[in-house]
A.B. asks: 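One structure, as structure tokens, below. Some questions next.
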2 protein chains.
Amino acid sequence: MARKPRASSAPGQRVTLKQISEESGLPIMTVSRALRGLRGEVSEATQRAVLAVAERLGYRPNMLVRAIQTGHSMNIGVVLPPIATFSYELLRGVHDELARHDYLPIVHWQQSDKAIDATDERVGELEVIHHLLDRRVDGVIFLPADDLVFDLHVREVWKRDIPLVAVDRYLRKSGADFVGTDDAMGARLAAEHLLSLGHRRIATIAGEERIGPFADRRHVFVETVKAAGGTCTVVEVGKPLMPRLGQLASELLTMKPRPTAVFLAADHYAPEFLAVARTFDLSIPRDLSVIGFADLEMASYMTPPLTTIRQHPYLIGQEAARLVMRRCRGETDTKPVELRLKPELVVRSSTTVPPKH
Amino acid sequence: MARKPRASSAPGQRVTLKQISEESGLPIMTVSRALRGLRGEVSEATQRAVLAVAERLGYRPNMLVRAIQTGHSMNIGVVLPPIATFSYELLRGVHDELARHDYLPIVHWQQSDKAIDATDERVGELEVIHHLLDRRVDGVIFLPADDLVFDLHVREVWKRDIPLVAVDRYLRKSGADFVGTDDAMGARLAAEHLLSLGHRRIATIAGEERIGPFADRRHVFVETVKAAGGTCTVVEVGKPLMPRLGQLASELLTMKPRPTAVFLAADHYAPEFLAVARTFDLSIPRDLSVIGFADLEMASYMTPPLTTIRQHPYLIGQEAARLVMRRCRGETDTKPVELRLKPELVVRSSTTVPPKH
DNA sequence: TTGAAAGCGCTAACAT
DNA sequence: ATGTTAGCGCTTTCAA
């Protein structure tokens, strides 16, 4: 019996293989092969004919359908934390590399408010990865904000045999691939820079120990300073960042004797720290040298311009993208890959020789 | 005859409706209805049973398949220019609002290198929109970098009866929906701020006239100044920005009599402009007031902190997302919507009363 | 090199 | 409230 044609409200009447088939008199299968350019499976004449009709009709392949057929959606899920770290550059790196190979990223930020709303926090958290998985992404690039939550996500992803690459923050236990910065090297560069200027009484405002990169930066920095015969005072700033940071900065600057140099585990701390230093009438870098970590855009605009350790978020994104795509093709061995890009020292005006008195 | 099961390399053996159907003894259709929570079409008992099995099996819907069925992929394409304007905040606004309604953005930056590589520039440009269209996005949010290219994209999108919302840059002819900043109001705020401080001999470094927002900022600023009995020198900086900007700044600062205040059409110009002013031994704001437009993050970190006009990229993104989604549901009339968010004046330390002599 | 048939996993449309 | 059937637009499989 006659059924109504599917509505779908398509006045533009989507062009399908069937239409090309009818127009050209060739069977659908031939059209499909020609359009995909399957060499050796279709004669040149046929191919040209098909291509011509397709072009005339303005045909565009339906990747949704193709995806359910081939198992490849050509989309990569990207999970980012709610805070804006260096995510934008990272994302661009991911995107550019993916796009070069006909993949595209589906971005999903973790929303802080959602987790709070949910009665069971974990349910809310998994929503993010499920939204991606439901769209049948071929792989996932993940910048973990919280280690515990990350584990849940990884499990959920691996259950489906989909590759997952962690970026920026490494989680030892997870066994996932990782691309990030060589934080140890960065910390060493920072320490050596200060040491070479002559500093020996040094301090660091460290990030939370439980966060991988912060742990590395702290330990390597302290060790390097100590190995050179210096002393290093460590204060840790956690969350919430803002009231605590000012307080810690004050404590550090009232120490007697006061350190001659401070290593900030992140550039983010710099504006507040410099503000506090100003209230102590300290001139940077004359009275106190300050070095950061990240090389955020603002580092170069601060007063004074901040000496810091430059990370390479764009390149990290690129490498992460390459890695997932390789995994999608099953080109790599089963051992988890761990890639750490070398950071570099950027000397600006916030560091100099220690004051002499 | 027995066929091989589709490979697809699925050791995790994807869970499908059929499996739930078999496990529960209920027909697939009932399972489908239960899972979608179609109220009134399924008994509570059945629903509970289905949900339990689905949960146990770890079922997740396949949105690809659902999309070809319903015509809704629940994905919105987002096209961004290669330059990093305020895109990140905008993107987050778009994302958050979409995610709240189970949509997700598929982001595609236009790549500058691709266009150059392609023999026919237009082909390269259309690739971006095709990548999105091939994935059957339900709508597109577009931040146009180039007007001519944009027109081609719009045509391509509309051919498929898909809603398109332009953000930030408005293109009169296109007839597309638009969400952006009220540039006229911003320019007026800037002018009135300088006028109220007492400035009358004013200049502006304007952006390219052919770019909508820049045209608005320039004209309204000039008119407002003139209406108050002031004079306004206009210099336009195009592409490439960098060598030209320094030169124009020099010209402006050697004028006699020198303007007492300058309106920069974009915060981006500020670092270079301030650098040039410094070479002229001008103290900002004592000798010269400077006001920008955008309120980029760096504005607050500059020396001196820049007075500027704050835009609301996050909110613009949100509104754009709301608009596409409404269009996707066909909830709006056919007239193109034009939404301009009000910017606000942020007074910092780069503006003050004019020098008297 | 080409063709016919059988799905992919799901939902809309029509029964009952 | 629950079944049944026919697709969605494509690719894979198998046969010619």
Side-chain angles (χ1 to χ4, degrees), chain A residues 1-10 13-22 24-50 54 57 59-74 133-136 160, chain B residues 1-10 13-22 24-50 54 57 59-74 133-136 160:
Chain A
M1 69 213 71
R3 279 156 185 277
K4 265 192 219 162
R6 290 298 178 90
S8 231
S9 73
Q13 198 61 38
R14 298 283 185 291
V15 184
T16 69
L17 286 195
K18 192 153 137 214
Q19 292 188 39
I20 300 181
S21 160
E22 282 160 6
S24 65
L26 267 19
I28 289 187
M29 203 48 235
T30 303
V31 174
S32 170
R33 286 200 260 250
L35 249 21
R36 278 179 292 164
L38 263 36
R39 293 187 22 122
E41 292 194 24
V42 91
S43 75
E44 274 203 28
T46 321
Q47 166 134 353
R48 248 196 306 279
V50 170
L57 263 37
Y59 173 79
R60 284 269 101 209
N62 186 332
M63 290 183 68
L64 298 176
V65 175
R66 184 176 287 177
I68 72 170
Q69 227 27 55
T70 63
H72 305 297
S73 67
M74 305 305 280
L133 258 12
D134 293 355
R135 283 164 171 81
R136 296 301 186 262
R160 274 128 189 128
Chain B
M1 68 214 73
R3 281 156 184 278
K4 264 193 220 161
R6 291 298 179 90
S8 231
S9 73
Q13 199 59 39
R14 298 283 185 290
V15 184
T16 68
L17 286 195
K18 192 154 138 211
Q19 292 187 39
I20 300 181
S21 161
E22 281 161 7
S24 64
L26 266 22
I28 290 187
M29 204 48 230
T30 304
V31 175
S32 169
R33 287 199 261 250
L35 250 20
R36 278 179 292 164
L38 263 37
R39 291 185 27 118
E41 294 196 23
V42 92
S43 75
E44 275 202 28
T46 322
Q47 166 133 352
R48 250 196 305 278
V50 170
L57 263 36
Y59 173 79
R60 283 270 100 207
N62 186 331
M63 289 182 69
L64 298 176
V65 175
R66 184 176 286 177
I68 71 169
Q69 225 29 54
T70 63
H72 306 297
S73 66
M74 304 305 280
L133 259 11
D134 293 355
R135 283 164 171 83
R136 296 302 186 262
R160 274 127 190 132

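Computed from a predicted structure; not experimentally measured. A, B, ... follow the sequence lines: proteins, then strands. Residue 1 opens every chain.
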A.B. asks: Please check if the side chain of Gln19(B) supplies one atom and the backbone of Arg14(B) the other of a donor-acceptor pair under 3.5 Å.
C.D. replies: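 Between the backbone of Arg14(B) and the side chain of Gln19(B) there is a qualifying donor-acceptor contact (under 3.5 Å).
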
A.B. asks: If you compare every side-chain N and O of Arg36(A) against the phosphate oxygens of dT12(D) (OP1, OP2), does one of them come in below 4.0 Å?
C.D. replies: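 Arg36(A) to dT12(D) OP1/OP2: side-chain N or O found under 4.0 Å.
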
A.B. asks: Sub-3.5 Å donor-acceptor pair from the side chain of Ser24(B) to the main-chain atoms of Ile20(B), do we have one?
C.D. replies: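 Yes: the side chain of Ser24(B) pairs with the backbone of Ile20(B).
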
A.B. asks: Tell me whether the side-chain N/O atoms of Arg66(A) come closer than 4.0 Å to OP1 or OP2 in dT11(D).
C.D. replies: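 Result: yes.
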
A.B. asks: Just the rounded figure in Å: distance from P of dC10(C) to CD of Gln19(B).
C.D. replies: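 Interatomic distance, CD of Gln19(B) to P of dC10(C): 9 Å.
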
A.B. asks: Does dC8(D) have its OP1 or OP2 closer than 4.0 Å to a side-chain nitrogen or oxygen of Thr16(A)?
C.D. replies: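 For dC8(D), OP1/OP2 do not have a side-chain N/O of Thr16(A) under 4.0 Å.
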
A.B. asks: So does Arg136(A) get a backbone contact from the side chain of Ser73(A), meaning a donor-acceptor N/O pair under 3.5 Å?
C.D. replies: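 Here the side-chain-to-backbone pair exists.
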
A.B. asks: Please give, in whole Å, the distance from dT4(D) P to Ile28(B) CD1?
C.D. replies: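 After rounding, the reported distance stands at 11 Å.
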
A.B. asks: Using atom CD1 of Ile68(A) as one end and atom C1' of dG7(D) as the other, report the distance to the nearest whole Å.
C.D. replies: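 To the nearest whole Å, that distance equals 12 Å.
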
A.B. asks: Has Ser32(A) got a side-chain N or O lying under 4.0 Å from the OP1 or OP2 atom of dT11(D)?
C.D. replies: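 Yes.
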
A.B. asks: Can a side chain N or O of Arg33(A) be found less than 4.0 Å away from OP1 or OP2 on dT13(D)?
C.D. replies: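 Answer no for this pair, as no side-chain N or O of Arg33(A) is under 4.0 Å from OP1 or OP2.
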
A.B. asks: Where the side chain of Val65(A) is concerned, which of dT2(C), dT2(D), dG9(D) is the nearest nucleotide?
C.D. replies: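 Output: dG9(D).
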
A.B. asks: Return no unless some side-chain N or O of Thr30(A) is found under 4.0 Å from OP1 or OP2 of dG3(C).
C.D. replies: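 Yes, such a contact exists.
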
A.B. asks: Whole-Å distance between dC8(D) P and Met63(A) CE?
C.D. replies: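 After rounding, the reported distance stands at 21 Å.
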
A.B. asks: Between Glu41(A) and Lys18(B), who's closer to the 5' end of DNA chain C by nearest nucleotide?
C.D. replies: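 Its nearest nucleotide being more 5', the pick is Glu41(A).
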
A.B. asks: For dC10(C), take OP1 and OP2 only and decide whether either is under 4.0 Å from a side-chain N or O of Tyr59(B).
C.D. replies: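 For dC10(C), OP1/OP2 do have a side-chain N/O of Tyr59(B) under 4.0 Å.
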
A.B. asks: Val31(B) and Ser21(B): which non-hydrogen atoms are nearest, and at how many Å?
C.D. replies: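 Here Val31(B) and Ser21(B) meet closest at CG2-CA, 3.9 Å.
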
A.B. asks: Could you tell me how far apart Leu35(A) (CG) and dG9(D) (P) are, to the nearest whole angstrom?
C.D. replies: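 It works out to 15 Å between those atoms.
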
A.B. asks: Report the distance from atom CD of Gln69(B) to atom P of dC8(C), rounded to the nearest whole Å.
C.D. replies: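 Those two atoms, CD and P, are 15 Å apart.
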
A.B. asks: Hey, does the side chain of Ser43(A) come within less than 4.0 Å of dT2(C)'s phosphate (OP1/OP2), counting only N and O?
C.D. replies: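 For dT2(C), OP1/OP2 do have a side-chain N/O of Ser43(A) under 4.0 Å.
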
A.B. asks: Which pair of non-hydrogen atoms, one from Arg135(B) and one from Leu64(A), has the smallest distance, and what is that distance?
C.D. replies: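 Residues Arg135(B) and Leu64(A), closest heavy atoms: O-CD2, 3.8 Å.
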
A.B. asks: Considering the terminal five base pairs at each end of the helix from dT1(C)-dA16(D) to dT16(C)-dA1(D), what angle separates the two local helix axes, rounded to 10°?
C.D. replies: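 Between the axes fitted at each end of the helix from dT1(C)-dA16(D) to dT16(C)-dA1(D) lies an angle of 30°.
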
A.B. asks: For the pair made of CG in Leu38(B) and C1' in dA1(D), what is the distance, rounded to whole Å?
C.D. replies: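 From Leu38(B) CG to dA1(D) C1': 12 Å.
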
A.B. asks: Compare the minimum distances between each of dG3(D), dA5(C), dC10(C) and the side chain of Leu17(B), then state the nucleotide with the smallest one.
C.D. replies: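 Looking only at heavy atoms from C-beta outward on Leu17(B), the closest nucleotide is dC10(C).
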
A.B. asks: Rounded to whole angstrom units, what separation is found between the CG atom of Leu64(B) and the P atom of dC8(D)?
C.D. replies: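 Whole-Å distance recorded here is 18 Å.
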
A.B. asks: Is any side-chain N or O of Thr46(A) closer than 4.0 Å to OP1 or OP2 of dT2(C)?
C.D. replies: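 Answer is yes, contact under 4.0 Å.
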
